[in-house]
Amino acid sequence: MNKVTVRQLFKDATSYMNQRIQVSGWVRTIRDSKSFGFIELNDGSFFNNLQIVIDDSLSNFAEVVKLGVGSAIVVDGLLVESPGAKQPFELKAEQVHIEGECPPEYPLQKKRHSFEFLRTIAHLRPRTNTFSAVFRIRSLAAYAIHKYFQERNFVYVHTPIITGSDCEGAGEMFRVTTLDPKNPPLTDTGEVNFKEDFFGRETNLTVSGQLEVETYCMAFRNVYTFGPTFRAENSNTARHAAEFWMIEPEMAFATLEDDMELAEDMLKYLINYCLEHAPEEMSFFNNFIDKGLFDRLENVVNSEFAHVTYTEAIELLKKANTSFDYPVEWGKDLQTEHERYLTEQIFKKPVFVTDYPKDIKAFYMRMNDDEKTVAAMDCLVPGVGEIIGGSQREERLDRLEKRMAELKLKPEDYWWYLDIRKYGGTKHAGFGLGFERAIMYITGMSNIRDVVSFPRTVKSADF
RNA sequence: UCCUCGAUAGCUCAACGGUAGAGCACCCGGCUGUUAACCGGGUGGUUGUUGGUUCGAAUCCAACUCGGGGAGCCA
């Protein structure tokens, strides 16, 4: 028997029309009458279901009709054109083999469930329309990111997950240790003695691969990391997870302008790739998750991103005919409401805000000639706000050391990072894109917990 | 961490100080082209936890737990 996936059928129905084929998958719903019935079968290969027509000529008709939603079956039958309006073709079953029954207590019903409930059954939710679509997009997007960078000869660098650099400054870290928490070895002064720990020092899960990837940038010119990162921040929002993936490209001999060009181009490529390669899923999101999704994505893909300096943005916000909850003032970071006003009301498209005051940005960002601002950029998009943050890095050793001293960072903790400036340093720039936030933006899903297979958030690490 | 809303049947919700209910799911029956199938009947509850107020609490109060939305921090 010719084994076929539902994807093959939908992509090339004519090759299989009026042929005897075998499909296998899971029952999404059964509608039955006295002597015939219909099964909606999803085989995982494609977003849409295949309609199976069954009748009492089947030896096990009575048994098949009683199958619960979620049952696994293998069907032999004839592919025919469907008289029904909702599907182009259907499979007239000649034999239905029951692989795995699904009892009535199966939590998924054929009606809509709340996302909150589905989070409690994260092991079953990929079987629903929404999560099937989300995780196929997530898979495609991950591939598209590699494809984008590989086609441009960026080298993929696996930066470490366990890191000994405890001062990346990007947030609270998760400790990695094999010491017994009830009885740790102590030093003479009564502190925990990490010299006796597995690595002989304090180690943590990485909060960013940037510092490490910068070192490979000085060897391969254009590089990127794409992997998990961890933040032990007590952030309780729909946009934060303790474990998330980041894309961090880094380019040598590049300026902030090159950096923004890359960010804009990559974002557009990513969106186009998903629209092109998962049209069924994307239409589903546009119809059922976020009615304005296509308009928003097309606006991003077809517009030149706006550019504005932080200082100009402050002026624009001060002139804005709106009262903000937080005051607009040069030197203070832009609040969420300010960012959204800029991108949604003033520019109505993605916008790069550049050249922030040095005091609200990281130590490694390149000092501008005005000595007050640094060559940083945030990319703000309508609907979400900040999606990308990047900068040109400070390549001048003396300036970097001076800045670190101001911030009371110990040079010995960064000896290898400073070496990069010492030995053939060049100007370079990069950015970080939160993968989950990109997926949220592309799908219209509004909670990060619903774009991660098994999300880890504050007080929650089930599965 | 702060503000705010919420937790009632397997799911989605109603009942707002006086007998805990509906739709869906599930079970039984009917139906020869359904598509969130339809029609009839039925099963299903320690009202998140603990304590308090009251003749009486799902309902009012307090604490806790968990969840939603917003904010901070950020990606």
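Chain letters run A, B, ... following the sequence lines, proteins first, then strands; residues in each count from 1. Scope of the values below: all heavy atoms of this structure, side chains included, with no hydrogens, waters or symmetry mates.
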Undergrad: Give A:Gln87 one of three labels, base, sugar-phosphate or nothing, depending on what nucleic acid heavy atoms sit under 4.0 Å from its own.
TA: base
Undergrad: Side-chain donor or acceptor of A:Ser235 under 3.5 Å from a matching atom on the base of B:C74?
TA: no
Undergrad: Expressed in whole Å, how much space separates the C1' atoms belonging to B:U8 and B:U49?
TA: 15 Å
Undergrad: Determine the interatomic distance between P on B:C61 and the same-named atom on B:U54; round to the nearest Å.
TA: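 16 Å, rounded to whole Å.
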Undergrad: Check every strand shown and say whether A:Lys86 touches a base, only sugar-phosphate, or nothing at a heavy-atom separation below 4.0 Å.
TA: base
Undergrad: Considering only heavy atoms and no angle criterion, is a donor-acceptor pair shorter than 3.5 Å present between the side chain of A:Glu40 and the base of B:U34?
TA: no
Undergrad: Check the distance between B:U34's P and A:Arg28's CZ and give it to me in whole angstrom.
TA: 22 Å
Undergrad: Validate the cation-pi geometry between A:Arg112 and A:Phe115: distance from NZ or CZ to the six-membered ring centre under 6.0 Å, angle to the ring axis within 45°.
TA: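 Output yes; distance and angle both within limits.
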Undergrad: Can you tell me the base-pairing partner of B:U32? Count Watson-Crick or G-U wobble geometry only, both distances below 3.5 Å, and say none if there is no partner.
TA: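 Looking at the geometry, B:U32 pairs with no nucleotide.
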Undergrad: Looking only at side-chain atoms of A:Ala238, point me to the closest of B:G69, B:U34, B:C74.
TA: B:G69
Undergrad: Nearest to the side chain of A:Arg31 - B:G69, B:U34, B:C73?
TA: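 Looking only at heavy atoms from C-beta outward on A:Arg31, the closest nucleotide is B:U34.
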Undergrad: Please work out if A:Asp325 contacts a base, only the sugar-phosphate, or nothing of the nucleic acid, heavy-atom cut-off 4.0 Å.
TA: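 The answer is nothing, as A:Asp325 stays clear of every strand by at least 4.0 Å.
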Undergrad: Which base, if any, makes a Watson-Crick or G-U wobble pair with B:C13, both distances under 3.5 Å?
TA: B:G21
Undergrad: Does A:Arg456 count as lying over the ring of A:Phe244, i.e. NZ or CZ under 6.0 Å from the six-ring centre, within 45 degrees of the axis?
TA: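 No, cation not above the ring by the 6.0 Å, 45° rule.
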Undergrad: Across nucleotides 4-13 of chain B, 5' to 3', mark each nucleotide with B, S or - according to how protein heavy atoms within less than 4.0 Å reach it.
TA: ------BSS-
Undergrad: Look at the side chain of A:Asn236 against the base of B:U1 and say whether a donor-acceptor pair falls under 3.5 Å; ignore hydrogens and angles.
TA: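 Yes, a donor-acceptor pair under 3.5 Å.
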Undergrad: Name the nucleic acid region contacted by A:Phe435, choosing base, sugar-phosphate or nothing; use a 4.0 angstrom heavy-atom cut-off, strictly under.
TA: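 No contact.
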Undergrad: When the ring planes of A:His146 and A:Phe226 are compared, do they come out parallel, tilted or perpendicular, using 30° and 60° as the limits?
TA: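 Tilted: the ring planes of A:His146 and A:Phe226 meet at 30° to 60°.
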Undergrad: I need the CG-P distance between A:Asp56 and B:G30, as an integer number of Å.
TA: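 Answer to the nearest Å: 14 Å.
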Undergrad: Please tell me which of the listed nucleotides, B:U32, B:G33, B:G72, lies nearest to the side chain of A:Ser82?
TA: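 Nearest to the side chain of A:Ser82 among the choices is B:G33.
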Undergrad: Using Watson-Crick or G-U wobble geometry with both distances under 3.5 Å, which nucleotide pairs with B:G48?
TA: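 Looking at the geometry, B:G48 pairs with B:C64.
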Undergrad: When rounded to the nearest Å, what value does the distance between P atoms of B:A20 and B:G48 take?
TA: 15 Å
Undergrad: On a whole-Å scale, what distance lies between the P atoms belonging to B:C5 and B:C27?
TA: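 One P to the other, the span is 42 Å.
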